[in-house]
Structures are given as structure tokens and as C-alpha cells.
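Residue numbering restarts at 1 for every chain, and letters A, B, ... go by the order of the sequence lines.
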2 protein chains.
Amino acid sequence: MPPSGSSSRRATVHDVAAAAGVSRGTVSRVINGGYVSPRARAAIEAAIAEVGYVPNTAARNLVTQRSQAVGFVVLEPHVLFLEDPNIGAIMLGANATLSDADYQMVNLVVDSERDTQRVSRYLSGGFVDGVIIVSARTHDPIIRVLAQVGIPAAFVGHPRDLDRGIPFVGIDNTGSARLITERLMATGRRRIGMIAAAVDRDSGADRVDGFRAALGPRFDPDLVAEVPLYDYSWGAKGMRSLLEREPAIDGVFAGSDALAAGALEVLREAGLSVPRDVGVVGFDDSAWAVRTQPQLSTIHQPAAKLGAQAADLVLRQLRGEPYASEGILLPTPIVWRGSA
Amino acid sequence: MPPSGSSSRRATVHDVAAAAGVSRGTVSRVINGGYVSPRARAAIEAAIAEVGYVPNTAARNLVTQRSQAVGFVVLEPHVLFLEDPNIGAIMLGANATLSDADYQMVNLVVDSERDTQRVSRYLSGGFVDGVIIVSARTHDPIIRVLAQVGIPAAFVGHPRDLDRGIPFVGIDNTGSARLITERLMATGRRRIGMIAAAVDRDSGADRVDGFRAALGPRFDPDLVAEVPLYDYSWGAKGMRSLLEREPAIDGVFAGSDALAAGALEVLREAGLSVPRDVGVVGFDDSAWAVRTQPQLSTIHQPAAKLGAQAADLVLRQLRGEPYASEGILLPTPIVWRGSA
DNA sequence: TTGTACGCGTTATCAT
DNA sequence: ATGATAACGCGTACAA
């Protein structure tokens with residue numbers, strides 16, 4: 001019969017020391033690395049296995065003043081959180097980098113006012129050594145909290161009112177929107193509309209800016225259909241609205257691939273052929289892009305890399321290494337497929 | 001000029017006590033609730049604001065022996081994690097319940113062998129008071145870890161080798177697969193195939209079982225196309241394979257809506273009309289179901305409720321309340337739309 | 001009502 | 001190489 005003791009109290013360093021016939025200090029040294037005789041090491045390792053010892057992280061955190069954990073906070077409203085194909089990839093990218101550095105990524109979901117407060121407490125409570133924030137809006141309260149706590153942080157995307165010194169990693173939304181719109185114009189389209197989602201966020205607003213810049217004097221504010229979410233069905237609604245406003249439309253820039261997919265559906269229903277009658281381009285290069293018929297011409301967003309870079313930014317601060325305190329912009333190549 | 005002191009050391013109870021002219025004990029009492037004079041309370045609250053005090057969670061955890069946090073561990077391979085529409089909903093459902101009880105949900109992603117070990121350490125380290133595990137496989141190492149640590153847990157889905165006493169919440173995969181297959185048969189289909197994903201997981205295998213049970217003697221193992229992932233493109237591949245094996249196929253049960261969506265695409269390419277030539281049913285009642293043309297007849301999976309119930313199961317254990325230790329099965333109504 | 005003092009489980013410093 | 005011992009910041013009996 002094994003020692004089990006399943007319901008009794010957890011074993012501590014003290015117990016291990018007693019079982020191995022050494023002092024707590026020596027036990028601590030074999031756990032954290034240090035000079036210890038082979039003889040003692042063997043005895044202690046046996047004792048650890050025997051009593052089933054596992055270190056208490058709270059105690060360790062308290063004395064070392066760190067947690068080996070980094071928070072990953074997503075501030076999207078939950079509908080978006082579920083839909084957005086980028087979030088998951090960003091998360092996985094960040095986790096890979098953090099994992100390599102032996103940090104635990106702790107994912108915090110903010111889904112209510114109450115959540116906001118609890119997460120703030122969590123971040124300030126020494127639970128994490130650093131934090132990655134995804135899709136904060138300008139004037140987001142979290143930015144104040146962060147500044148107060150002074151915890152190493154990095155943003156994915158860059159709210160305009162970000163304090164100097166808090167770095168971000170993002171993409172050039174304005175530039176890439178402009179580029180792909182220009183590319184679309186180069187195919188000879190004359191009446192180009194845009195389906196714009198989440199224009200209350202910086203990324204959304206920037207994409208509209210890029211679109212406008214590309215069109216220049218030919219820009220017609222009436223051909224921008226604003227919808228709340230980056231979502232298939234809103235893409236459809238946006239497209240319908242565009243078609244109503246301008247039946248002769250022959251080009252569409254959708255703020256995301258999901259929007260573009262919805263637009264494609266409506267175009268098909270309307271008997272319009274893509275790309276013959278209407279050219280459509282998207283944004284993200286997500287799974288949507290290769291699922292539609294025809295496949296989408298779009299802008300590649302390096303989601304995993306965004307996460308990895310953000311993690312790296314936090315790790316550098318943690319280690320006191322130099323980092324790009326003004327932020328990093330990652331390249332966003334155009335991927336040209338069949339939809340335009 | 002505010003006290004700022006941004007780069008100096010964090011304020012402690014000690015500092016607050018000094019600033020308010022009381023003892024540390026009294027400060028602690030106003031924070032955690034207890035008898036304290038209005039006069040002292042006012043002074044202390046002022047002092048807290050003044051020095052910018054925020055409690056150190058590690059210290060508190062150490063002394064109270066709990067963390068007010070519950071882990072949420074997803075064991076899916078990451079491709080699936082990104083694709084699966086249920087995971088997100090389960091997570092949000094769990095978070096809502098946890099949040100109401102003032103617990104912080106901590107999301108842990110397992111994406112490598114190294115992650116597995118680190119997460120195990122994390123769970124055993126007192127970081128969380130309980131844990132919700134999503135989509136563990138039978139013989140998953142995490143089950144052993146959990147049994148050892150003896151931390152309150154709940155599974156979403158139920159690995160067959162789950163220890164008694166560790167509760168789960170899930171759905172009756174076998175029963176609902178059987179039911180919807182029977183419903184499909186009732187529309188007069190004679191050659192019905194299945195696209196089965198992830199049959200190495202209990203949920204996947206159970207759905208095949210239900211399919212087989214419904215068909216009874218008419219079951220033809222050659223009409224089950226196994227694919228690895230619950231994913232649109234694998235649905236397409238599965239459908240192609242089915243069509244090859246049996247060109248006269250007139251009914252398809254897809255193990256998920258995403259698979260069904262892929263199948264629909266292939267059917268359309270093949271010039272087959274749905275539901276006239278072929279009836280198709282899915283599983284999940286996810287966003288996919290209303291995005292296809294025609295919309296999918298499918299089984300509703302109460303994802304958010306699964307998460308909420310799992311959270312409740314953990315909370316009950318935490319509070320020493322009685323709970324369904326044998327597990328809970330949630331109802332899965334059939335949603336009949338146009339695809340069959 | 002308030003203050004004192006002990007302990008939570010570790011790591012780190014200092015002798016030995 | 002190892003063993004004492006002092007923190008780490010907080011909650012809480014217990015005494016006052």
C-alpha cells in the first residue's frame with residue numbers, strides 16, 4: 001500500500017528535510033540549483049518522491065517577489081472574442097515564446113464591469129510579473145491601472161493615448177488598407193466601397209483612413225458602410241446596404257475576411273459575379289480567405305508573430321534588457337487570390 | 001505634485017498603518033471586514049488611497065491557503081482550439097459563473113509537452129483553488145495529476161477512466177447522434193454516410209456509436225469517413241471520399257457543423273442539391289449552422305451552459321456543498337432547419 | 001474596539 | 001557543502 005495520505009496536509013520542504021535527514025536549506029538548494037553533495041542530493045530526491053512534495057508557489061512568490069507568470073488580457077467584447085480568428089493565433093504565439101522562457105501564460109477574460117475590476121486587482125496583486133494586453137481602446141481604463149502598477153507590459157495594437165515607455169506591437173492598418181485599396185483600383189474598378197467594422201477602435205478607424213487616402217478625391221463617404229462587428233453576417237448586411245446605395249458598385253474593400261465572406265454571399269445572391277462584376281478584397285488572411293469561392297485577395301496579418309513579439313517585449317523588460325520602447329510594426333504582405 | 005513614487009517599492013499594510021496612525025491589525029480588519037470604529041476606518045481608507053496600497057496576493061494566499069482563482073485548462077491541440085466554436089462559449093459561460101462568485105478565471109493553454117508539465121506545476125502550486133478541464137482524452141496524464149493534488153475539479157466531457165468523485169458535465173453524444181440519425185432516416189434516406197472526426201476522443205467515438213445504433217443492421221462501416229479534425233476542409237475531404245465510395249449516397253451525418261459546411265460545398269460542386277438529392281445534418285448548432293445555404297439541421301450543444309455548470313461544480317466543492325459527483329448530462333435538442 | 005504576536009512555506013544570507 | 005535564521009506581507013487568535 002502506498003503512503004497515499006491523499007486527504008492529509010500537503011508536504012512541505014520541512015517534511016522533505018526531515019525524511020532525508022538534512023536541513024531545509026539543503027532541500028531548497030537541490031530544488032533551485034546550488035552546491036550539494038551527490039549523497040545528500042540522492043537522499044533528498046528520494047524523500048521528495050516519497051512524501052510527494054510539490055513546492056508552494058504562493059510562498060515562493062512571496063519571498064522571491066515574482067511569479068514566473070505573465071498575464072494575457074483580451075479586452076474584446078465577447079462576441080468578437082469568439083469570432084476573431086486573430087486572437088487565438090496571437091495567444092498561441094505569445095504562449096510559445098513565454099513557454100520557452102519558462103513562464104506560465106495566464107489568460108484573463110474581461111467580460112463585464114466586474115471582471116475589469118477583478119482583473120485589475122489580479123494584475124496589481126503580484127499574481128503576474130508582466131502582462132500582454134490585446135485590443136485595448138483609446139482611453140481604456142486598463143491603461144491607467146497599468147501606469148499605476150508599473151508592471152512590465154506590452155500592447156498588441158496601439159491605443160493612441162498609450163504612455164511613452166509602454167511598448168506595443170502592431171501593424172500599419174492605415175498603410176496596408178491604403179495599399180490593398182490601391183491594388184484594387186489598379187484592376188480598373190471605378191466605384192469602390194468599403195465595409196468598415198468597429199470604427200470605434202483604432203484599428204477600425206485606421207483602415208477607413210487608409211481607404212480614404214487611397215481613393216483621394218474619388219472618395220465618397222456614402223460608399224462606406226459601417227457595421228459594429230467583424231463578422232460574417234454583418235458583412236452580408238454591409239454589402240446589402242452598399243448595393244442599395246450604389247447598384248453600379250464594382251469594388252469592395254472589406255475590413256476583415258469574415259466581412260468579405262458575408263459580402264461574397266450577398267453578391268452571389270444578387271447575381272453578381274466575383275471578380276468579373278465586382279472585385280472584393282479582405283483583411284487578415286484568416287481561414288476564411290481560403291474557404292470562400294473564389295478565395296480572397298487579402299492582407300496577411302502575422303497574428304502569431306504579433307503575440308510572440310509582444311511576449312518578447314515583456315520578457316525583455318523583465319530581464320532588464322533593452323527593448324523597442326516606441327513599439328514595433330510588423331509587415332503585412334498582400335496575398336492576391338481570386339476575388340479581385 | 002502627487003506622491004507618485006512610481007518606481008519605489010510597493011506600499012504594504014505596514015505603510016498604511018503608519019500613515020493612519022493605527023496598527024496593522026486594524027488595517028487588515030477594514031480590508032477584510034471586521035469590527036472597527038468609524039473614525040479609524042475613515043483614517044485608514046484615506047491612508048490607503050494616499051499611499052496607493054494594493055494587497056499582495058501572494059502573501060494573502062499563503063496565509064489564507066487559497067487564491068480565489070479557478071483554472072480553465074484546454075487540452076485540445078491548438079488547431080482545434082482555434083477552430084472549435086464551443087471552446088470559447090464554454091469559457092465565457094464558466095467565466096460568468098465564476099465571476100459572480102468573485103473568483104478569477106485563469107485560462108491555461110497547453111500547447112506542448114513542456115506546457116503540460118508547467119501547467120501541472122501551476123495547478124499543484126496553490127495558484128488556483130480549483131480547476132475546470134476541457135476535452136481531456138481517456139488516459140490523459142492530467143487526470144493522474146489531479147488525483148494526486150486532490151484539488152477540486154470538474155471536467156467538461158467525460159473521459160472513460162475518470163475517477164469516481166471527479167464530476168463532469170457533458171452531453172449524451174451517443175444518444176443525440178442516434179436521435180438525429182434516426183430523424184434523418186425518417187426523411188426517407190436509404191444510403192446514409194457519416195463524416196466522423198477525432199474518433200480517438202470519447203466524444204468522437206460516441207457519435208459514431210450512436211450513428212451505428214440508429215442504422216442497426218443497415219449500418220455499413222464503409223460509409224463512415226474518418227477525418228482527424230472538426231474542420232471545414234476535412235469535412236470537404238470526408239464528403240469527397242464518401243461520394244467516391246458510394247455515388248448513390250443520399251444522407252450524411254457530419255460530426256460537426258463545420259464538417260457539414262465543408263460537405264455542403266463538395267455536394268454543390270458535384271451538382272447535387274441539398275436537401276433534395278442528399279440530406280445533411282450536423283452537430284453543435286454553432287455559427288456555421290446558420291451560415292450555410294441551406295441552413296443546417298443539427299444538434300444544439302449548450303456550450304455556455306456546459307461551462308457554467310462545470311464552474312458551479314467546482315464552486316460547490318470549494319464551499320463544501322453537495323454536488324453531482326457522478327456527473328451531469330445536459331439536454332441537446334434537435335434544431336431542424338433546411339439541410340435535411 | 002484595538003494592538004500584539006505568531007505562522008503560512010519558501011528562499012537567501014551568513015556562519016560553520 | 002551544510003545548517004540556522006531572518007525575511008517576504010498578510011490574517012487572525014488572543015490579550016488588552
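- A distance of 10.0 Å separates CZ in A:R10 from OG1 in A:T12, rounded to the nearest 0.5 Å.
- Remark: A:D115 engages A:S112, A:R118, B:N95, B:S99 in a side chain to side chain donor-acceptor pair (under 3.5 Å) (not counting sequence neighbours).
- Among pairs with a residue in residues 306-316 of chain A, those fulfilling salt bridge (charged side-chain N to carboxylate O under 4.0 Å, His left out) read A:D312-A:R316, A:R316-A:E321, at least two apart in sequence or across chains.
- The salt bridge (charged side-chain N to carboxylate O under 4.0 Å, His left out) analysis of residues 149-162 of chain A, with sequence neighbours excluded, yields the pairs A:R160-A:D202, A:R160-A:D206.
- With sequence neighbours excluded, the residues satisfying side chain to side chain donor-acceptor pair (under 3.5 Å) with B:S23 are B:T26.
- Partners of A:L330 under the side-chain contact (heavy atoms from CB on, under 4.5 Å) rule, at least two apart in sequence or in another chain, are A:V169, A:P302, A:K305, A:L306, A:Q309, A:I328.
- Taking the side-chain contact (heavy atoms from CB on, under 4.5 Å) definition, one finds that B:A96 meets it with nothing, sequence neighbours left out.
- Applying the side-chain hydrogen bond (donor to acceptor under 3.5 Å, both in side chains) test to pairs two or more places apart or on separate chains, those with a residue in residues 63-72 of chain A are A:S67-A:D129.
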Checklist outcome for this item: Expected string for nucleotides 9-16 of chain C under the B/S/- scheme (protein heavy atoms, under 4.0 Å, primed atoms plus P, OP1, OP2 as sugar-phosphate) is BBBB----
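- Contacts between chain B and DNA chain D, taken as any atom within less than 4.0 angstrom of a protein heavy atom, begin and end at D:dG9 to D:dA13.
- Residues passing the ring pair (Phe, Tyr, Trp, His ring centres under 6.0 Å) test with B:F168 are B:H158, sequence neighbours excluded.
- Not counting sequence neighbours, the partners of A:S37 by the side-chain contact (heavy atoms from CB on, under 4.5 Å) test are A:R39, A:A40.
- At its two ends the helix from C:dT1-D:dA16 to C:dT16-D:dA1 runs along axes set 40° apart, each axis drawn from five pairs and the angle rounded to 10°.
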